[in-house]
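Numbers for residues simply follow the sequence, beginning at 1. Both ligands and their constituent atoms are indexed starting at 1 by order of listing. Computed from a prediction, not measured in an experiment: that's the story for all the values here.
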Amino acid sequence: MQKKVWQWTGLNEVTSTTAERGQPGTGEAEIRIVSIGICGTDLHIMSGHAGFGVPPLPLGHELAGVVERIGPGVDGWQPGDRVCIDPLIGCGVCRECLAGSKHRCAQSGEIGLHYPGGWQEYLVAPAANLYRLPDAVSFEEATQAETLHCCLGGIDKLDIRLGCHAAVIGDGPTGLYYVQLLKAAGASKVTLFGMRDGRLELGRRLGADVTVNLRSPDAAAAEPEAAETQDIAIDAAGNEASLKLCIDLLKRGGQLLLFGLPGHPILADIQAVVLKELTLSGSTNAPQVWPRVLELMASGSVQVKPLLSQRYPFEELDLAIAFARNEPDEAVKIIVSHS
Ligand SMILES: [Zn+2]
Ligand SMILES: [Zn+2]
């Protein structure tokens, strides 16, 4: 049995092909992929700058679909079950894996980053990586559980008190999710800093109390006033300027969550970090939070739909990638779905 596949085949290149459908082995399930989120990481890998992934490879790590077949030894799943997929796979036997922190496993890798991903009709994955979708969560929305779980893992590392003030730097999807999570966690005033008016407007719709366009002349004038006003700052941009802004904005004793990836070493005012007694946390994946992500989506505490900006059929995945690359301001989150 053949399946349709899109592969990353070389520098910024995707190619459509077919491949033999895999057989789910012990502990595995075959998923019929329904929706795929296009992520900045996909573009990063395709540009050859990510330092991992070897073409030809189907990418795609933001995935939702339906259980098609189950392998031996799989309990609790039936063909037809609606699922999303945690793409992270650990060795399963090391200390970190056994402690529930498979993202810290020295052998870990991700579906769609290191292993074949969901740019195909069917994908065989470990059944342990599946999460059941609540009825209220659509396949399109469920693709975002992966992004949201990373953000929620970061939120869990902060001590967020009701009524606190928090700043988010970065108006990409993760910044927009962080705004919502901070509000849900009880922050009374969330300020979103970004560079695109459309995204900032969306941020206000999603709960940001104040937005600042860092490209506007007013922003630079307002900065001294904003210094030392925030209990929490989240760097969802990951560059030297965003890190500096976070450190400036934080009150003494404040908490800084480092989330965006600079991609190379950057300078930071460590003296200010020490003298202000800031707490710094880094955060990536968080395998233990997946069930709560689905709760947040199903209950409406976090809204995903307003971020879904373009939709493409699977047959036009190449066009979706091209749009994401050429129209970064327009493309908040592109979803590719099978008809
Ligand atoms: Zn992603
Ligand atoms: Zn391990």
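- For H61, the N/O/S atom at the shortest distance from the Zn ion (ligand 1) is named NE2.
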Passes side-chain hydrogen bond (donor to acceptor under 3.5 Å, both in side chains), E13 versus T9? Steps please. CA-CA 6 Å; E13 186 184 79; T9 44; 2.7 Å; yes
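- Angle SG(C105) to the Zn ion (ligand 2) to SG(C91), rounded to 10°: 110°.
- Between E315 and K4, at least one side-chain nitrogen of the basic residue sits less than 4.0 Å from a carboxylate oxygen of the acidic one, meeting the salt-bridge criterion.
- Taking a cutoff of 4.0 Å between a charged side-chain nitrogen and a carboxylate oxygen, E201 and R204 qualify as a salt bridge.
- Closest approach between the Zn ion (ligand 1) and any N/O/S atom of E62 involves OE2.
- Salt bridge status for R252 with E228: present, with a side-chain N to carboxylate O gap under 4.0 Å.
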